[in-house]
*Asks:* 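The structure's right below; bear with me while I get my questions together.
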Amino acid sequence: MAANNIGFEEEYENSDETNDLNDEEEIIRFYFHRGFHYEEILNFLQKFHGKEMSLSTLKRQIKKYGLQRKNSDYDLDVVRDAVRSLLDGPGCCRGYCAIWHTLQMNGITVPRVVVAELLQELDPEEAVQQYNGCPIDFITDLGTENGLAAAIQTFFRNDPNSHRYVSSPSNQRIEGWWSFLRKDQTSWWMNFFKDLVDVGTLDLTLSLHTECLWFCFAALLQENLNEVKENWNSHYIRKSRYDTLQGRPDSLYYLPELHNGRSNLHLPVPEEEKLYAREHIISDYTGQNDFQRYFTYIVESNSLEKPSHWRDALELYHVLINCASNGEIVV
């Protein structure tokens with residue numbers, strides 16, 4: 001991506017697709033596959049990549065790159081394999097619209113009805129650093145995980161009133177989103193880990209087991225959450241009679257001027273304050289303990305690969321537990 005695309009670049013820093021967005025074609029493909037309209041693409045190009053382009057030029061370039069949203073050619077076997085891969089894991093909890101959107105983001109353009117038919121066939125059953133600032137006001141419920149966020153917010157703003165706790169019923173939007181996340185993704189992981197407990201593979205009373213589980217699956221869980229974030233932030237919110245803005249979240253956030261909004265609702269945070277917060281507020285929540293260092297040593301000294309799929313992660317878990325218990329590597 002262009003060097004001046006600071007916040008937006010880091011929004012997708014964990015996506016392999018965006019690590020090397022250097023030329024115009026890659027950038028246009030990226031926004032096109034996420035479903036942004038022409039006006040939004042033009043604004044993204046100008047605001048975050050320093051590229052001025054007229055609408056007619058953009059249309060010519062899109063045609064030149066062979067990008068289509070309707071009447072596009074596709075290989076049914078390729079689509080079937082892609083859908084099958086998404087279903088082999090937490091993606092199996094998604095509906096056909098979410099899977100269709102994920103295919104679009106991966107550059108596979110196919111009618112929704114095809115995805116629906118394939119599903120019937122295959123399945124019949126870090127924010128301040130990222131955005132270089134903090135919000136003016138921050139509201140959360142009383143969940144335990146929000147204590148750290150509240151401390152950081154009030155420190156950066158030097159104002160104890162810049163964060164407010166509210167009851168969960170007063171925070172229905174985010175509660176609704178957590179419900180969506182559980183149904184869409186995390187219920188699969190929860191059931192998967194419960195199954196490991198039921199068959200005796202995982203003992204939650206043993207630190208060795210829980211630390212090994214984290215070592216093997218943490219990166220996959222983070223990758224999965226990044227995919228959920230990217231999918232959600234590029235999906236389209238329809239117009240509603242309720243107090244909801246229509247549009248794609250990324251467009252609403254990064255291009256508020258297109259939606260009669262303002263872009264000055266976050267305050268810059270000096271680098272020295274970020275460093276202080278990292279060292280004195282969140283240091284206890286990060287870093288490796290003795291278990292993590294031990295597992296890292298075993299993996300590196302035996303040239304074991306870090307997993308890229310839940311099946312690989314489960315296999316590595318068995319290998320490391322066996323090594324810790326019996327002192328031998330069995331691959």
*Asks:* Would you indicate whether the side-chain heavy atoms of Asp23 and Glu25 approach each other to under 4.5 Å?
*Replies:* yes

*Asks:* Please indicate whether Glu305 has more than 12 foreign heavy atoms, meaning atoms of other residues, nucleotides or ligands, lying under 6.0 Å from its CD.
*Replies:* no

*Asks:* Using only heavy-atom distances, determine whether the side chains of Arg293 and Thr296 contain a donor-acceptor pair under 3.5 Å.
*Replies:* no

*Asks:* For the hydrophobic clusters of this structure (ILVMFWY residues joined by side-chain heavy atoms under 4.5 Å, transitively), does one cluster hold both Leu304 and Tyr297?
*Replies:* yes

*Asks:* Check the surroundings of atom CG in Asn158: do more than 12 heavy atoms from other residues, nucleotides or ligands lie under 6.0 Å from it?
*Replies:* no

*Asks:* Does the pair Cys212 and Phe295 meet the rule for a side-chain contact (heavy atoms from CB on, under 4.5 Å), with working shown?
*Replies:* CA-CA 7 Å; Cys212 189; Phe295 296 136; 3.5 Å; yes

*Asks:* Please check: side-chain N/O of His235 versus main-chain N/O of Trp232, any donor-acceptor pairing under 3.5 Å?
*Replies:* yes

*Asks:* Should Phe138 and Phe156 count as side-chain neighbours, where that means a heavy-atom distance under 4.5 Å?
*Replies:* no

*Asks:* Would a single hydrophobic cluster contain both Ile41 and Tyr236, if residues Ile, Leu, Val, Met, Phe, Trp and Tyr are joined by side-chain heavy-atom contacts under 4.5 Å?
*Replies:* no

*Asks:* Would you mind reporting whether Lys51 and Ile28 have side-chain heavy atoms less than 4.5 Å apart?
*Replies:* no

*Asks:* Which distance, rounded to the nearest 0.5 Å, do you find between the CZ of Phe36 and the CG of Leu45?
*Replies:* 11.5 Å

*Asks:* Would you say that more than 12 heavy atoms from the other residues, nucleotides or ligands in this model lie under 6.0 Å from the CH2 of Trp214, or not?
*Replies:* no

*Asks:* So, do Leu196 and Phe193 sit near enough that their side-chain heavy atoms are less than 4.5 Å apart?
*Replies:* yes

*Asks:* Of all heavy-atom pairs between His259 and Ser251, which one has the smallest distance, and what is that distance?
*Replies:* NE2-OG, 2.9 Å

*Asks:* Look at Arg29 together with Glu26 and state whether they make a salt bridge at an N to O cut-off of under 4.0 Å.
*Replies:* no

*Asks:* Give me the atom names and distance for the closest heavy-atom approach of Thr154 to Ser162.
*Replies:* CA-OG, 3.7 Å

*Asks:* Do Tyr317 and Leu202 make a side-chain contact, defined as non-hydrogen atoms from C-beta onward lying under 4.5 Å apart?
*Replies:* yes

*Asks:* Please confirm whether the ring centroid of Phe192 lies under 6.0 Å from the ring centroid of Phe217.
*Replies:* yes

*Asks:* Under a 4.5 Å side-chain heavy-atom rule over Ile, Leu, Val, Met, Phe, Trp and Tyr, are Val197 and Ile321 clustered together?
*Replies:* yes

*Asks:* Check Ala313 against Leu220 and note the closest heavy-atom contact, atom names and distance.
*Replies:* CB-CD1, 3.6 Å

*Asks:* When rounded to the nearest 0.5 angstrom, what distance separates CZ in Arg60 from CG in Leu55?
*Replies:* 10.0 Å

*Asks:* First locate atom CG of Asp195, then atom CG of Asn191, and finally report the distance between them rounded to the nearest 0.5 Å.
*Replies:* 6.5 Å

*Asks:* Apply side chain to side chain donor-acceptor pair (under 3.5 Å) to His33 and list each qualifying residue two or more places apart in sequence or on a separate chain.
*Replies:* none

*Asks:* For Asn322, does its backbone N or O pair with a side-chain atom of Ser325 as donor and acceptor, under 3.5 Å?
*Replies:* no

*Asks:* So, are Arg34 and Glu40 salt-bridged, with charged N and O less than 4.0 Å apart?
*Replies:* no

*Asks:* Where is the tightest heavy-atom contact between Pro307 and Cys216, given as atom of each residue plus distance?
*Replies:* CG-O, 3.4 Å

*Asks:* Ring pair (Phe, Tyr, Trp, His ring centres under 6.0 Å) between His49 and Phe30: does it pass, once the steps are laid out?
*Replies:* CA-CA 13 Å; His49 303 277; Phe30 176 81; 8.3 Å; no

*Asks:* Within a strict 4.5 Å, meaning less than it, do heavy atoms of the Asn233 and Tyr253 side chains meet?
*Replies:* no

*Asks:* Are any non-hydrogen side-chain atoms of Glu24 and Tyr65 less than 4.5 angstrom apart?
*Replies:* yes

*Asks:* Applying side chain to side chain contact (heavy atoms under 4.5 Å, CB included), can you list everything that pairs with Tyr276, at least two apart in sequence or on another chain?
*Replies:* Phe155, His280

*Asks:* Report the distance from atom CG of Asp250 to atom CZ of Phe44, rounding to the nearest 0.5 Å.
*Replies:* 5.5 Å

*Asks:* Establish, from distance only, whether the side-chain atoms of Glu230 and Asn226 form a donor-acceptor pair under 3.5 Å.
*Replies:* no

*Asks:* Between Met190 and Trp188, is there a shared hydrophobic cluster once you connect ILVMFWY residues whose side-chain heavy atoms come closer than 4.5 Å?
*Replies:* no

*Asks:* Can you tell me how far CG of Leu67 sits from CZ of Phe32, rounded to the nearest 0.5 angstrom?
*Replies:* 5.0 Å

*Asks:* Return the minimal non-hydrogen interatomic distance between Leu252 and Gln246, and the atom names on each side.
*Replies:* CD2-O, 3.6 Å

*Asks:* Honestly, is Lys306 close enough over Phe215, meaning NZ or CZ under 6.0 Å from the six-membered ring centre and within 45° of the axis?
*Replies:* yes

*Asks:* Would you say Ser187's side chain and Arg182's backbone share a donor-acceptor pair under 3.5 angstrom?
*Replies:* yes

*Asks:* Using the side-chain contact (heavy atoms from CB on, under 4.5 Å) rule, take Asn302 and Val319 through it: C-alpha gap first, then chi angles, then the decisive distance, then the call.
*Replies:* CA-CA 11 Å; Asn302 290 277; Val319 169; over 6 Å; no

*Asks:* Kindly indicate, with the supporting measurements, whether the criterion side-chain contact (heavy atoms from CB on, under 4.5 Å) is fulfilled by Arg157 and His163.
*Replies:* CA-CA 9 Å; Arg157 289 296 317 281; His163 172 270; over 6 Å; no

*Asks:* Following the transitive rule for hydrophobic clusters with a side-chain heavy-atom cut-off under 4.5 Å over Ile, Leu, Val, Met, Phe, Trp and Tyr, establish whether Leu320 and Leu206 coincide in one cluster.
*Replies:* no

*Asks:* Which heavy atom of Val269 sits nearest to which heavy atom of Lys274, and what is that distance?
*Replies:* O-CE, 3.3 Å

*Asks:* Is Gln292 reaching over with its side chain to a backbone N or O of Glu211, donor-acceptor style, under 3.5 angstrom?
*Replies:* yes

*Asks:* Within this structure, what is the CG-CG distance for the pair Leu255 and Asn43, rounded to the nearest 0.5 Å?
*Replies:* 5.0 Å

*Asks:* So with a 6.0 Å cut-off around CD of Glu39, is the heavy-atom count from everything else above 12?
*Replies:* no

